[in-house]
K.L.:
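Pasting a structure below so you can have a look.
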Protein chains: 2
Amino acid sequence: MSSIKEVAKQANVSVATVSRVLNNDPVVKPATKNKVLRVIKEMNYKPNMLAKNLRKQASRTIVMVLPSMSNPYFSEIARGAQAAAYDNAYNIIIGTIESKRWILDTYINMLKTNLAEGIVFVSSSVNKELLEELMDEYKIVLCTEYYPGINATCVAIDNKRAGYEATKELIRRGCSHIAYITGNRESSSVTARIEGYKEALKEAGIPYRPDRIAGAKNRFDHVKEAVNGIIGQGLPIDGIITHSDLQASYILKGIKEKSIALPERVGMISFDGTFLAEITNPTITTIVQPLYDLGYTSVHKLILKLVNESAEAGEEEGLVLLPHHMVIRET
Amino acid sequence: MSSIKEVAKQANVSVATVSRVLNNDPVVKPATKNKVLRVIKEMNYKPNMLAKNLRKQASRTIVMVLPSMSNPYFSEIARGAQAAAYDNAYNIIIGTIESKRWILDTYINMLKTNLAEGIVFVSSSVNKELLEELMDEYKIVLCTEYYPGINATCVAIDNKRAGYEATKELIRRGCSHIAYITGNRESSSVTARIEGYKEALKEAGIPYRPDRIAGAKNRFDHVKEAVNGIIGQGLPIDGIITHSDLQASYILKGIKEKSIALPERVGMISFDGTFLAEITNPTITTIVQPLYDLGYTSVHKLILKLVNESAEAGEEEGLVLLPHHMVIRET
DNA sequence: GCTCCGAGTGTAATCGATTACAAAATGATG
DNA sequence: CATCATTTTGTAATCGATTACACTCGGAGC
């Protein structure tokens, strides 16, 4: 493995000059530069980033933590994140924690040990306590979640409004017994959407019933239990809002195999807008989130924070809302 | 940011001793060790990995390159890969190239610049030429593909046998006009499956027709065109094998929206065994690949190669076959 | 009491780059 | 041609860890 020293010797210059050539320092004389470049090519030299990173005290690497990978929702966010990292010549490590807390620690350790310069937490990959512990020392962006009072940029959609719009649409169709299958009840996106849901109900004069809301993970059995739990209380359902396309697809599956006692033509609106909503039968009406952009923007904002380290003050913090829209399909 | 030097000063020992404590060197006297550990905790010291990496000339990082992320197929492989990396205390960078060659270069550069110690190429994320260029200098594992003559471990299923079995099943059901929608025709998994397909046809005395085979990417329009291309030649189809669950789901979608002129009850067998095959309507019969294990094993093998650098000789190279199985569903 | 040995610790080189500062080369000017 | 300003290049410190080697110190053996 050739080092800068060998290149310097071969080119008959000092390591400093080679370094300057590598970094495009305009002070080097063109002739020297060419000579060095020739040697670099001849020797097939590549700078050792480990050395560079140490010297510069910067890894040019960030981390994005996802709850899981098995939902296309996250893949799309990750895709945007990778693009943003690439565009800014940063490396990005995308990690999933699969609800194992100790795995989260490995990613946070990358921050603590200088391997990573900043981190994006997507969805409920982190809780508020941990966040408060980290927010003063490290550069953090939250993607699709919003914790007021946290010293971190948050990138998300207007979940309250989206929840409102979804509910409104079902009401418009004549639904008045609308169930809500949520995700993790502690997540801010969930509570915001429910606020919108309540508001729409109120506006329509439909009484709000908390027992029409049930949380479920993105697993078939969870979703089935959640829906059947509501039905089991003797509550009629003529419309459903789900937290994700995946949940909605599971409901369709349950209806079809008759493990969920709902009519095939139930009005249903899901969140996310992944391709899943298009390949089910019937296809699913969804609130489309700008997933790619959410990922892209999160990373972009994080990198801005890293670069503007000088502009210390937390003026830039806050909430960034990206637009969503509804796509009406068969459900 | 506290460094080892400050810890040493605070604990009244040399940096060497602190380093020994950090690395659990048994020579340090227990009393000293405790003293140092106390200071480390007090100062909330974390070793700087950038320095460690440089000194040890090892990043403990590997790369896994995926063609894309939007197929749950890849997510599942990535999940296994992450687990293997975690189990071996390696970092893993999972990157997708989205068929942009220049993005692939960034990942390969991580190898060349010492940021990564090895790489796993999944599916057709790399071509044979590039592979031949890299194989002598770097540690490489291929996942789900197999190039004979390449100095890299390959982890995959027995694609020929799987293709044979899928075809056989359709023949058993009485199909005799079996179309094959493949992926990238240059990939070894595709050609191996087709071999199996041919073999099963031959065995059943059904003539093989190359024009019943068409390649398609994992996009609705591609798949639709491929299928309609075969139909358009006037060739009847009473059975279909697809390269992926995703393709199969698109075919169902096309049938339903009548943009693909096939009966709803067409016999279809796809490859992969992702959750997609369960949420479609009808559900899809698939050859289930051990995706998680494919990812896990690939990374595990790579790390073994890295650790056994001493055992230079390429004795360990070769093909690792993991078992697959068929799950019969509604198609 | 002296030598020797091993346990425990410290000193300093090293990994491969960047960069402040010093020094040399170049060129302009009178 | 001497002087000085400006380019261009080189020297050496530095980032923060690891580790070969040297050293100290106490006790065992004679």
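Remember, predicted model here, so these are calculated numbers, not experimental data. Below, chain A is the first sequence line, B the second, and so on; all start at residue 1.
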K.L.:
By side-chain contact (heavy atoms from CB on, under 4.5 Å), which residues pair with S99(B), not counting sequence neighbours?
P.N.:
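S99(B): no side-chain contact (heavy atoms from CB on, under 4.5 Å) contacts found.
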K.L.:
Which of the following nucleotides, dA12(D), dG10(C), dA17(C), is nearest to the side chain of V15(A)?
P.N.:
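Closest nucleotide among those given: dA12(D).
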K.L.:
Answer yes if the side chains of N24(B) and K33(B) hold a donor-acceptor pair under 3.5 Å, and no otherwise.
P.N.:
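A pair is found: one side chain offers a donor N or O, the other an acceptor, under 3.5 Å apart.
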K.L.:
Ignoring hydrogens and angles, state whether a donor on the side chain of T61(A) or E117(A) is under 3.5 Å from an acceptor on the partner side chain.
P.N.:
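No, because no side-chain N or O of T61(A) sits under 3.5 Å from a partner of the opposite role on E117(A).
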K.L.:
More than 12 foreign heavy atoms under 6.0 Å from CD of E186(A): is that the case here?
P.N.:
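No, not enclosed.
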K.L.:
Which whole-number value in Å describes the distance from Q57(A) CD to dA17(C) C1'?
P.N.:
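Rounded to whole Å, this separation is 12 Å.
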K.L.:
Let me know the distance between NZ of K9(A) and P of dG16(C), rounded to the nearest Å.
P.N.:
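For the pair K9(A) NZ and dG16(C) P, the rounded distance is 13 Å.
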K.L.:
Between P on dA13(C) and CG on L54(B), what's the gap in Å once rounded to a whole number?
P.N.:
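One finds 17 Å between P of dA13(C) and CG of L54(B), rounded.
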K.L.:
Enumerate the residues from residues 26-42 of chain B whose closest heavy atom to DNA chain D is under 4.0 Å, giving them by residue number; use none for an empty result.
P.N.:
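Heavy-atom contacts with DNA chain D come from no residue of residues 26-42 of chain B; none.
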K.L.:
Would you mind reporting whether T153(B) and L302(B) have side-chain heavy atoms less than 4.5 Å apart?
P.N.:
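Of all side-chain heavy-atom pairs linking T153(B) with L302(B), none is under 4.5 Å.
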K.L.:
Examine dG16(D): is either OP1 or OP2 under 4.0 Å from a nitrogen or oxygen in the side chain of N114(A)? Give yes or no.
P.N.:
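Indeed not, no polar side-chain atom of N114(A) lies that close.
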K.L.:
Nearest whole Å is fine: how far is dG16(C) C1' from K56(A) NZ?
P.N.:
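Going from K56(A) (NZ) to dG16(C) (C1'), I get 14 Å.
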K.L.:
Only one of S124(A), S189(A), S125(A), S123(A) forms a side-chain hydrogen bond (donor to acceptor under 3.5 Å, both in side chains) with E145(A), so which one is it?
P.N.:
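Result: among S124(A), S189(A), S125(A), S123(A), S189(A) is the only option passing the side-chain hydrogen bond (donor to acceptor under 3.5 Å, both in side chains) with E145(A).
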K.L.:
Would you kindly give the CZ-to-C1' distance between R20(B) and dT18(D), to the nearest whole Å?
P.N.:
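Result: 10 Å.
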K.L.:
With a 4.0 Å cut-off on N to O distance, would you call K9(A) and E6(A) a salt bridge?
P.N.:
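No.
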K.L.:
Tell me whether T17(A) contacts the main-chain N or O of V13(A) through its side chain, where contact means a donor paired with an acceptor under 3.5 Å.
P.N.:
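Such a contact is absent between T17(A) side chain and V13(A) backbone.
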K.L.:
With a cut-off of less than 4.0 Å, is there a side-chain N or O of S14(B) near OP1 or OP2 of dG10(C)?
P.N.:
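Answer is yes, contact under 4.0 Å.
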K.L.:
Whole angstrom is fine here: how far is it from CG in N48(B) over to P in dT14(D)?
P.N.:
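Rounding to the nearest Å, CG of N48(B) and P of dT14(D) are 17 Å apart.
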K.L.:
How about K35(A): does its NZ atom have over 12 heavy atoms from other parts shown lying under 6.0 Å from it?
P.N.:
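It does: K35(A) NZ has more than 12 such atoms within range.
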K.L.:
Could you state the CG-P distance from L22(B) to dA17(D), rounded to the nearest angstrom?
P.N.:
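Going from CG in L22(B) over to P in dA17(D) covers 8 Å.
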K.L.:
Can you find a side chain N or O atom of N23(A) that sits less than 4.0 Å from OP1 or OP2 on dT18(C)?
P.N.:
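Affirmative; the distance criterion is met.
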K.L.:
Tell me the bend of the helix from dG1(C)-dC30(D) to dG30(C)-dC1(D) as the angle between end helix axes, each from five pairs, rounded to the nearest 10 degrees.
P.N.:
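Here the helix ends are tilted 60° relative to one another.
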K.L.:
Which nucleotide in the list dT18(D), dG10(D), dG16(C) gets nearest to the side chain of A51(A)?
P.N.:
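So the nucleotide nearest the side chain must be dG16(C).
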K.L.:
Whole angstrom is fine here: how far is it from CG in L50(B) over to P in dT18(D)?
P.N.:
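In whole Å, dT18(D) P and L50(B) CG are 13 Å from each other.
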K.L.:
Hey, is the side chain of S19(B) poking within less than 4.0 Å of OP1 or OP2 on dA17(D), counting only N and O atoms?
P.N.:
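For dA17(D), neither OP1 nor OP2 has a side-chain N or O of S19(B) closer than 4.0 Å.
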